[in-house]
Amino acid sequence: MKIKKFFKENQYTDILLILMAVVMIFFTITKPGTFWSLGTWKGIVMQFPEYGVMTIGVMFCFLIGCIDMSFVMLGNFAMIIGVKYMLAHTTEGMSNGQMLGVIAVGLLIAIVIAAIGGVINGLLISKLGIPPVIATISMQMVWLGLSTGITKGQTLSLKTLPIYAEIGHSTVLGFIPFPLFIFIIVFIIAALVLRFTVYGKKLYMCGTNLKAAKFSAVNTDRMIIVTFVICDIVCLIGSMMMTSTLNSVKADNGEAYVMKIILILVLSGILPDGGIGKIGNMIFSVLIIQMITSGVNMFKGLNTYHGSFIYGTLLVIVLILSTYMDGKGFKFLKGKKKTS
């Protein structure tokens, strides 16, 4: 009975499990040998963590009823500045310890820049009243312009920093890919913050009704600013992983991640209206999208553009369905409450 009650009250989980089963069955029938190969699943666990971590960051903005469209470009800009510092302070013959010290300082610089970017986003929205989409798209263009101007559109290679690339391709305990390990750690911390901290409770409160939260003595302006700082720092961790995987950084790296992450969050029931959604569903959503991405690459006649078409179509369908749903599932399936 408890299991039946759980699935009745968590219809987003039901939908995600059904969709995951459909995706797996489809690729099992069409590409059984390739889909279930060890190489395919190694690729899946190596590819999704970087944008999975970014998804966790953007989730905080969704829960408070905002959206951040600038996180990828801000992450690229922060990493470009950090990498330029690393390259400028790396010399031949440096020991691994010295090189790790330079990398640590470069990453610290990137974190400070990401935090400043989050503060700017939060101030534009909370103090000036600019709609989140407009504010963050404007900042997206600012960061892209700065990054392109600094690099002149070129790619910054980390060939002189081989340790940084090795970190991203290493394993923990001999079998857990390092990117997956980072994703698990970030996921656990985010889940604990949302479940057990005062900030997590206030986050849902602000997302449900910002005015009511303000009248309940919650400093809503500070909550918005802090949330954007958390969002952009967490997203930067994803950018760090992406830079390590690619062994380079560029102004427009990960540009396609923005809409993919929005799709993942909406698909998992974390709606941009704010105040609703469970982080646990995000795991299923991320895996579904990555399986589709990997599955598309198995067909010779398909490419990333076909993948974008699939994501866009799926996002439109989910957005249409979301108008009939709340955080737990379809409204019309819950029935009317009995009145005495």
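- N121 is not listed as a side-chain neighbour of V229, based on a closest heavy-atom distance of 4.5 Å or more.
- Summarising the geometry of A115 relative to I233, their closest heavy-atom pair is CB-CD1, 4.0 Å, with the distance given to 0.1 Å.
- Residue V198 shares its hydrophobic cluster (ILVMFWY side chains chained together at separations under 4.5 Å) with no other residue.
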Practice problem: Could you give me the CA-CA distance, side-chain angles and deciding distance for L107 and M79, then say whether side-chain contact (heavy atoms from CB on, under 4.5 Å) is met? | Solution: CA-CA 7 Å; L107 295 180; M79 286 307 300; 4.0 Å; yes
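- Put simply, the side chain of S244 gets close to the backbone of Y164: a donor and an acceptor are under 3.5 Å apart.
- Contact record, N253 with S248: ND2-O, 3.8 Å, taken as the closest heavy-atom pair.
- For T155, the side chain to side chain donor-acceptor pair (under 3.5 Å) test picks out no residue, with sequence neighbours left out.
- Legend: ring pair (Phe, Tyr, Trp, His ring centres under 6.0 Å) pairs involving residues 110-136, not counting sequence neighbours: none detected.
- A donor-acceptor contact closer than 3.5 angstrom links the side chains of Y199 and T227.
- Residues I264 and M282 form a side-chain contact, since some pair of their non-hydrogen atoms from C-beta on lies under 4.5 Å apart.
- Among residues at least two apart or in separate chains, ring pair (Phe, Tyr, Trp, His ring centres under 6.0 Å) pairs with a member in residues 58-81 are F77-W143.
- The heavy-atom pair separating V72 from G254 by the smallest distance is CG1-O, 3.4 Å.
- Pairs of residues two or more places apart, or lying in two chains, that qualify as salt bridge (Lys or Arg N to Asp or Glu O under 4.0 Å) and include a residue from residues 205-229 are K127-D221.
- Linking ILVMFWY side-chain heavy atoms closer than 4.5 Å, directly or via other members, places V22 and M291 in two distinct hydrophobic clusters.
- Cluster partners of L108: none. The rule joins Ile, Leu, Val, Met, Phe, Trp and Tyr whenever side-chain heavy atoms lie under 4.5 Å apart, and it links nothing here.
- When the side chain to side chain donor-acceptor pair (under 3.5 Å) test is applied to T293, the partners found at least two apart in sequence or on another chain are Y311.
- Under a hydrophobic-cluster definition in which Ile, Leu, Val, Met, Phe, Trp and Tyr are linked whenever side-chain heavy atoms come within less than 4.5 Å, directly or via other members, L194 and I188 are assigned to the same cluster.
- Contacts of S268 classified as side chain to side chain donor-acceptor pair (under 3.5 Å), with partners at least two apart in sequence or in another chain: none.
- Contact detail for A114 and L236: the closest heavy-atom pair is CB-CD2, 3.8 Å.
- Looking at L16 and S285, their side chains come closer than 4.5 Å, going by heavy atoms from C-beta outward.
- Within 6.0 Å of CZ on F284 lie no more than 12 heavy atoms contributed by other residues, nucleotides or ligands.
- With S70 contributing its side chain and Q140 its backbone, the two residues share no donor-acceptor pair below 3.5 Å.
- In this structure the side chain of Y51 never reaches within 4.5 angstrom of the side chain of M242, judged on heavy atoms.
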Using atom types as modelled, flag every donor-acceptor pair under 3.5 Å from a side chain in residues 40-48 to any protein atom, sequence neighbours excluded.
unit_1	atom_1	unit_2	atom_2	d
T40	OG1	T34	O	2.5
T40	OG1	S37	OG	2.9
W41	NE1	F35	O	2.9
Q47	OE1	Q290	NE2	2.8

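- A side-chain donor-acceptor contact under 3.5 Å links Y204 to the backbone of G277.
- A search for side chain to side chain donor-acceptor pair (under 3.5 Å) contacts involving W36 returns T28, not counting sequence neighbours.
- Across all non-hydrogen atoms, the minimal contact from P32 to T30 is CD-C, 3.5 Å.
- Side-chain atoms of T171 and I176, non-hydrogen and from C-beta on, never get closer than 4.5 Å to each other.
- Not one N or O on the side chain of D252 forms a donor-acceptor pair closer than 3.5 Å with the backbone of E255.
- There is no side-chain donor-acceptor pair under 3.5 Å between N76 and S147.
- Sorted pairs that involve residues 94-131 and meet ring pair (Phe, Tyr, Trp, His ring centres under 6.0 Å), not counting sequence neighbours, are lacking altogether.
- Within the 4.5 Å cutoff, the side chain of L123 has no heavy atoms near those of the F228 side chain.
- Under the 4.5 Å side-chain heavy-atom criterion for Ile, Leu, Val, Met, Phe, Trp and Tyr, I64 and L128 are members of the same hydrophobic cluster.
- Residue pairs meeting the ring pair (Phe, Tyr, Trp, His ring centres under 6.0 Å) criterion with at least one partner in residues 84-128, sequence neighbours excluded, are Y85-H89.
- Contact annotation: the side chain of C206 approaches that of V218 to within less than 4.5 Å [non-hydrogen atoms, C-beta and beyond].
- Linking ILVMFWY residues whenever their side-chain heavy atoms come closer than 4.5 Å, directly or via other members, leaves L19 and I25 in distinct clusters.
- Inter-residue side-chain proximity for K250 and L156 is flagged as unmet; no heavy-atom pair is nearer than 4.5 Å.
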Quiz item: Would I237 and I182 satisfy side-chain contact (heavy atoms from CB on, under 4.5 Å), going step by step from the backbone distance to the final call?
Solution: CA-CA 9 Å; I237 296 173; I182 295 297; 3.8 Å; yes
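- Hydrophobic clustering of Ile, Leu, Val, Met, Phe, Trp and Tyr side chains at less than 4.5 Å, counting indirect connections, unites F196 with M59.
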Self-check item: Audit row: V53, C235, side-chain contact (heavy atoms from CB on, under 4.5 Å) steps and yes/no
Solution: CA-CA 6 Å; V53 169; C235 289; over 6 Å; no
